[in-house]
J.: 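My questions will all concern the structure given below.
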Amino acid sequence: MLDLKFLRENLEEIEKRLKTRGGDADLSGFKELDAKRKKLLTESETLKARRNAVSEEIGKLKREKKDASALVAEMQEEGAKLKSLDTDAAAVEEEMNAFLLGVPNVPHSSVPIGKDSNDNPVVRKWGEPKKFAFSPKEHTELGEKLGILDFERAGKISGARFSLLMGLGALLERALINFMLDVHTTEHGYTEVLPPFMVKSSALMGTGQLPKFKEDLFKIEGWDHFLIPTAEVPVTNIHNDEIIDEERLPISYTAFTPCFRSEAGSYGKDVKGLIRQHQFNKVEMVKFTSPEASYGELEKLTDNAEDILRRLGLPYQVVLLCTGDMGFSSAKTYDIEVWLPGQGKYREISSCSNFEDFQARRAGIRVRPKGGKPRFLHTLNGSGLAVGRTLVAILENYQQEDGSVIVPEALRPYMRGLEKIG
RNA sequence: GGAGAGGUGGCCGAGAGGCUGAAGGCAGCUGCCUGCUAAGCAGUUGUAGGGAUAAAACCCUACCGGGGGUUCGAAUCCCCCCCUCUCCGCCA
């Protein structure tokens, strides 16, 4: 959510920059709404000031045992007027709030202007895509032949876009989770958390998934709860409505959770395999920083995610999302894309974003500078990494001609020393 | 699920219709004092919205878990909801 004053004072500039995101940045109704709000507020406050003054007078008269009935009668009449005025004011306030909740974040000045993912510049690459002496297979075929992935049975249980990991596949997934968490906690300075996998709507409001993107979520029937689409939601909301002393920043959390997404509107995309699932595992990194430090921390956080890929020996590239391809709440986002030989392309495996104070304002997360006034802090998060897609990348990058898969060295301690699957 | 207790400022904690934005304490800030540290003394310190101003000072409004109600006036009375704690039941 943008700051009301900031929006009021920079309306044209903000509108111009939001337009670069494409689509939904319509601020045309704002001026009128803002004026209406101000008018009602001023009227209501004037009446209230009067009421307070008269009430005090009445109190004084009563204490002196004098007659106050004339004033009381007068105020009874005023009361009705105030009540209707307040009803209107509350309605406008709510309208304003709903409006603000629907406005996306303003892209940072370093974000390139563009229409869609084709306009995302590659900012760096690591590793060389391996040349295979044979035609490399996709993970689906490899996994099914090895008996570690079973999509058919997953379908019987849960339908399309679910997966069933068996035997060494399940172990590999678990190994990846433990490996990632260990690296982030022991080497990158993150504190591990294991949050709830269901959250209230207010938490989703705080991080920006609600109110606009309800159709992407799974709701628990009869409850105000949703399955989390990412650990970002419960972990960022750990500190909602808190004021954190500045010397405690930055705060860095890492969390493993399953993630649940309806994938509405993705029909026909990635229908096969582990790439796009209704349920998948992810290790997430979340940071709370001072406004001054957030862009430096974004670079660190992105590098922390890249580090996992480097240790696993998986080639990747980092792209900077252009204005047209960014998420609703983000001010700047890097996507990390891992090389998948089976598909012959780079595919997203992590998304690292700085939200500036957009989420903090919604969730009420502030920092108190030493001796100063509280202000909203900055929040960041990134996948470190999407576990299922990492498993795909390992199967495809480490496949051998006979269909077996070498276990990357970094993972072997987590795989009972196993060097090869199959 | 049943029974009780409770949710007040950065924190602890009083207040039980008007004189309360809220005593007292802690913490913070400023000054004094003191070889240093600690202690002591005095002053000061909530958040948000609006008005005023060159900027302040200043003025108004709201906020005592959330929402509604009663009243001229609500932290205080009434109703609904949420959360925490204790006991009982149930359960991994």
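Throughout, protein chains are lettered first and strands after them, A, B, ... in sequence-line order, and every chain is numbered starting at 1.
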J.: Report the C-alpha separation of E396(A) and H139(A) in whole Å, then their side-chain angles, then the decisive distance to 0.1 Å, and conclude whether the side chain to side chain donor-acceptor pair (under 3.5 Å) test is met.
T.: CA-CA 6 Å; E396(A) 294 195 8; H139(A) 72 281; 3.3 Å; yes
J.: Can you tell me the distance, in whole Å, between the CG atom of L40(A) and the P atom of rA62(B)?
T.: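 About 16 Å, once rounded to whole Å.
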J.: Mind checking the P distance from rC85(B) to rA22(B)? Whole angstroms is fine.
T.: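 Here rC85(B) and rA22(B) have their P atoms 33 Å from each other.
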J.: Ignoring the backbone of R366(A), work out which of rA62(B), rG73(B), rU47(B) is nearest its side chain.
T.: rU47(B)
J.: If you measure from the P atom in rC78(B) to the same atom in rG7(B), how many Å do you get, rounded?
T.: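 Pairwise P distance, rC78(B) against rG7(B), rounds to 14 Å.
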J.: Check the pair Y253(A), H239(A) against side chain to side chain donor-acceptor pair (under 3.5 Å), reporting the backbone distance first and the verdict last.
T.: CA-CA 12 Å; Y253(A) 293 129; H239(A) 293 298; 2.7 Å; yes
J.: Starting at the 5' end of RNA chain B and moving along, which residue's nearest nucleotide shows up first, P374(A) or I243(A)?
T.: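 Looking at the nearest nucleotide for each, I243(A) comes out on the 5' side.
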J.: Measuring only the P atom in each nucleotide, how far is rC64(B) from rA23(B)? A whole number of Å is fine.
T.: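 Result for the P pair: 16 Å, nearest Å.
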J.: Could you tell me whether F376(A) and F358(A) have their ring centroids closer than 6.0 angstrom?
T.: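 Ring centres of F358(A) and F376(A) not closer than 6.0 Å.
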J.: Which whole number of Å gives the distance between the C1' atom of rC77(B) and that of rA16(B)?
T.: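 One C1' to the other, the span is 10 Å.
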J.: State whether R51(A) places a side-chain N or O below 4.0 Å from either non-bridging phosphate oxygen (OP1 or OP2) of rA62(B).
T.: yes
J.: rC63(B) C1' sits how many Å from L41(A) CG, rounded?
T.: 14 Å
J.: Does A49(A) or D3(A) map to a spot on RNA chain B nearer the 5' end, using the closest nucleotide for each?
T.: D3(A)
J.: Should N52(A) be listed as having a side-chain N or O under 4.0 Å from OP1 or OP2 of rG73(B)?
T.: no
J.: Closer than 3.5 angstrom, by distance alone: can the side chain of R362(A) be matched with the main-chain N or O of M205(A) as a donor-acceptor pair?
T.: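 Yes, because the side chain of R362(A) sits within donor-acceptor range (under 3.5 Å) of the backbone of M205(A).
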J.: Could you please name the option among rC60(B), rC72(B), rG49(B) that lies closest to any side-chain atom of V72(A)?
T.: rC72(B)
J.: Over all strands shown, is R248(A) touching base, sugar-phosphate only, or nothing at heavy-atom distances under 4.0 angstrom?
T.: nothing
J.: For E78(A) and rG73(B), give me the distance from atom CD to atom P, rounded to whole Å.
T.: 11 Å
J.: Apply the side-chain contact (heavy atoms from CB on, under 4.5 Å) test between L312(A) and each candidate in L176(A), D307(A), V338(A); give the one that qualifies.
T.: L176(A)
J.: Once you round it to whole Å, what is the distance between C1' of rA48(B) and NZ of K48(A)?
T.: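 Computing the K48(A):NZ to rA48(B):C1' distance gives 14 Å.
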J.: Applying side chain to side chain donor-acceptor pair (under 3.5 Å), run through Q359(A) and T379(A) and close with a yes or a no.
T.: CA-CA 7 Å; Q359(A) 295 182 323; T379(A) 59; 2.7 Å; yes
J.: What integer number of Å spans the C1' atoms of rU20(B) and rC32(B)?
T.: 32 Å
J.: rC72(B), rG49(B), rU61(B): which one has an atom nearest the side-chain heavy atoms of K5(A)?
T.: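 Out of rC72(B), rG49(B), rU61(B), the nucleotide with an atom closest to K5(A)'s side chain is rG49(B).
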J.: Would you indicate whether the side-chain heavy atoms of P107(A) and M326(A) approach each other to under 4.5 Å?
T.: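 Side-chain contact under 4.5 Å: yes.
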J.: I'd like the P distance from rC82(B) over to rG67(B), given in whole Å.
T.: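 15 Å, rounded to whole Å.
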J.: Distance check needed: rA62(B) C1' versus R37(A) CZ, whole Å only.
T.: 12 Å
J.: Between H108(A) and Y295(A), is the ring centroid distance below 6.0 Å?
T.: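 Yes, the ring centres sit under 6.0 Å apart.
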J.: In whole angstrom, give me the gap between the P atoms of rC26(B) and rC36(B).
T.: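 Approximately 23 Å lies between the P atom of rC26(B) and that of rC36(B).
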J.: Under the 3.5 Å rule, do the base of rG51(B) and the side chain of E45(A) count as making a donor-acceptor pair?
T.: no
J.: How close or far is atom C1' of rA62(B) from atom CG of L47(A), stated in whole angstroms?
T.: 15 Å
J.: Base, sugar-phosphate, or nothing for R375(A), non-hydrogen atoms under 4.0 angstrom?
T.: nothing
J.: Whenever both distances are under 3.5 Å in a Watson-Crick or G-U wobble pair, mark it; put RNA chain B into dot-bracket that way, with [ ] for crossing pairs and | when the partner is on another strand.
T.: ((((((((.[[[..)..(.....]]]((((((.......))))))((((((......)))))).[[[[[..)....]]]]])))))))....
J.: Please report the distance, rounded to the nearest Å, between CG in N240(A) and P in rC83(B).
T.: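 Nearest whole value for this atom pair: 14 Å.
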J.: Could you check whether atom CD of E152(A) has more than 12 heavy atoms from other residues, nucleotides or ligands sitting under 6.0 Å from it?
T.: no
J.: Quick one: is R368(A) getting a side-chain N or O under 4.0 Å of the rG9(B) phosphate, OP1 or OP2?
T.: no
J.: When you compare rC72(B) with rG17(B), how far apart are their C1' atoms, in angstrom units rounded to a whole number?
T.: 12 Å
J.: Does the side chain of K38(A) get closer than 4.0 angstrom to OP1 or OP2 of rG51(B) through an N or O atom?
T.: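 True: K38(A) side-chain N/O within range (under 4.0 Å) of rG51(B) OP1/OP2.
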J.: Send over the distance from M96(A) CE to rA48(B) P, rounded to a whole Å.
T.: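 Computing the M96(A):CE to rA48(B):P distance gives 18 Å.
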J.: Considering only rU70(B), rG50(B), rC72(B), which nucleotide approaches the side chain of K83(A) most closely?
T.: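 Closest of the options to the side chain of K83(A): rU70(B).
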